[in-house]
Amino acid sequence: MSAPGAESAQAAEEAVAAPPAGSGKPELRDDPRLPWQGKPRAADILCWLGIVLSGLLYWALLPLRLSLVGTHPVIAELLNGGTESIISAAALARTGHGTLVVAVLAAIPGLMKSDALYWWAGRLWGERFIMVLPGSQRVARRLPRVQQAGRKVTWPAVLASSFLPVPRALIYVIAGWAGMRLVTFLVLDLIGALLWAGLLSGLGYALGHHAVVAAATISRYSWWFTIGILALSLFFVVRSQRRLRAVAASPADQADG
């Protein structure tokens, strides 16, 4: 999963710091960049904090996750369910260190740890939150069709979320917004996570020693990989924020004109 929580944390900080136009002091409840309207409820605050913390946890664990991929990939799977850790754990199983079943099952907590938060966000905030997520522009015009089709679209989408070229968080938010029950969502999400972990484990098992060598290289140069990922992520976050500011400024310019 991408890390929309990190972008949400930055947006929240900017919303607190910047007062609305025409006001002498900031009013968090009226900021259009926040997903709720009016005064936030306790559920709004809890869900928002959960998403922000999940994003911060992703970045905090990134160096550890990369350093463990070649030495203790099962631990890395439990922490984040990363693609590289699943493949590495299965490759080590091929060489006699661990089992394929453990490689598959250990990935489930890491893959699913924040999914229910995004389902909840869809229930609470609907389209208002969908439109601030990465990738939402591609699916925005299809939202009425998705809501009309209901489970015919949302069930397969949640099942195949890891295989689709769309951020998983966006699919989970849409599932909550479309009315999918939590139990149904968790069951479908679990099946999808097992399918994804099984596919990657099969790939790692087939690669065997070659994947083990690649994982060891990643662990050896984990800090360089971390710096590169952070630099790329920062670039995309800054570009996204500039685009959002430009879109927000357009209506104001038209009103002034």
Side-chain angles (χ1 to χ4, degrees), residues 1-5 54-55 57-119 154-172 175 180 182-226 228-229 232-233:
M1 178 184 298
S2 56
S54 70
L57 182 64
Y58 173 87
W59 295 114
L61 290 177
L62 185 58
L64 179 62
R65 163 185 160 187
L66 293 176
S67 66
L68 289 173
V69 70
T71 56
H72 300 83
V74 172
I75 297 177
E77 284 186 276
L78 290 168
L79 291 174
N80 199 65
T83 298
E84 71 288 340
S85 57
I86 300 172
I87 293 175
S88 178
L92 284 172
R94 171 73 179 271
T95 61
H97 300 84
T99 66
L100 199 57
V101 173
V102 171
V104 173
L105 295 181
I108 304 306
L111 286 171
M112 294 183 60
K113 64 180 183 298
S114 302
D115 297 353
L117 280 171
Y118 290 100
W119 172 89
T154 55
W155 284 36
V158 173
L159 271 174
S161 59
S162 296
F163 302 87
L164 298 175
V166 177
R168 289 190 301 157
L170 178 59
I171 294 174
Y172 303 151
M180 181 181 292
L182 178 59
V183 173
T184 302
F185 170 78
L186 291 175
V187 170
L188 294 174
D189 192 26
L190 174 61
I191 295 171
L194 285 170
L195 291 173
W196 179 246
L199 176 67
L200 294 179
S201 296
L203 175 61
Y205 196 82
L207 292 173
H209 179 70
H210 298 291
V212 174
V213 172
T217 302
I218 293 174
S219 292
R220 189 176 305 120
Y221 300 103
S222 59
W223 279 106
W224 291 108
F225 281 108
T226 301
I229 292 171
L232 281 174
S233 300

*Do you know the tightest heavy-atom contact between Leu194 and Leu105?*
CD2-CD2, 4.2 Å
_Non-hydrogen atoms of Ala175 and Phe185 that approach each other most closely_ = CB-CD1, 4.4 Å
*asked:* If you compare all heavy atoms of Gly82 against all heavy atoms of Ser85, which two are closest, and at what distance to 0.1 Å?
replied: O-OG, 2.7 Å
*Hey, mind stepping through Ser114 and Tyr58 against side chain to side chain contact (heavy atoms under 4.5 Å, CB included) and telling me if it holds?*
CA-CA 10 Å; Ser114 302; Tyr58 173 87; over 6 Å; no
*Give the minimum heavy-atom separation between Leu111 and Gly81, together with the two atoms involved.*
CD2-O, 3.2 Å
*asked:* The test is side chain to side chain contact (heavy atoms under 4.5 Å, CB included); show your working for Leu190 and Leu186 and say whether it passes.
replied: CA-CA 6 Å; Leu190 174 61; Leu186 291 175; over 6 Å; no
*Would you give the length of the straight line joining atom CG of Leu188 to atom CG of Asp115, rounded to the nearest 0.5 angstrom?*
12.0 Å
*Just how far is it from atom CG of Asn80 to atom NZ of Lys113, taken to the nearest 0.5 Å?*
4.0 Å
*Answer yes or no: is there a side-chain heavy-atom contact under 4.5 Å between Asp189 and Tyr172?*
yes
*So how far is it from Thr99 OG1 to Tyr205 OH, rounded to the nearest 0.5 Å?*
10.0 Å
_Quick check for you: to the nearest 0.5 Å, what is the distance between Thr83 atom OG1 and Glu77 atom CD?_
10.5 Å
_Measuring from atom CG of Leu200 to atom CG of Leu195, what distance do you get when rounded to the nearest 0.5 angstrom?_
11.0 Å
*Just by distance, do the side chain of Ser161 and the backbone of Val158 share a donor-acceptor pair under 3.5 Å?*
yes
*Give the minimum heavy-atom separation between Val74 and Ala106, together with the two atoms involved.*
CG1-CB, 3.7 Å
*For Ala103 and Ala90, work out which heavy atoms get closest and say how close.*
CB-N, 3.9 Å
*Does some side-chain heavy atom of Leu92 sit less than 4.5 Å from a side-chain heavy atom of Thr95?*
yes
*What distance separates Ile87 CD1 from Leu203 CG, expressed to the nearest 0.5 Å?*
4.5 Å
_Donor-acceptor check, side chain of Trp119 to backbone of Met180, threshold 3.5 angstrom: yes or no?_
yes
*Between Ser88 and Glu84, is there a donor-acceptor pair closer than 3.5 Å when you use the side chain of the first and the backbone of the second?*
no
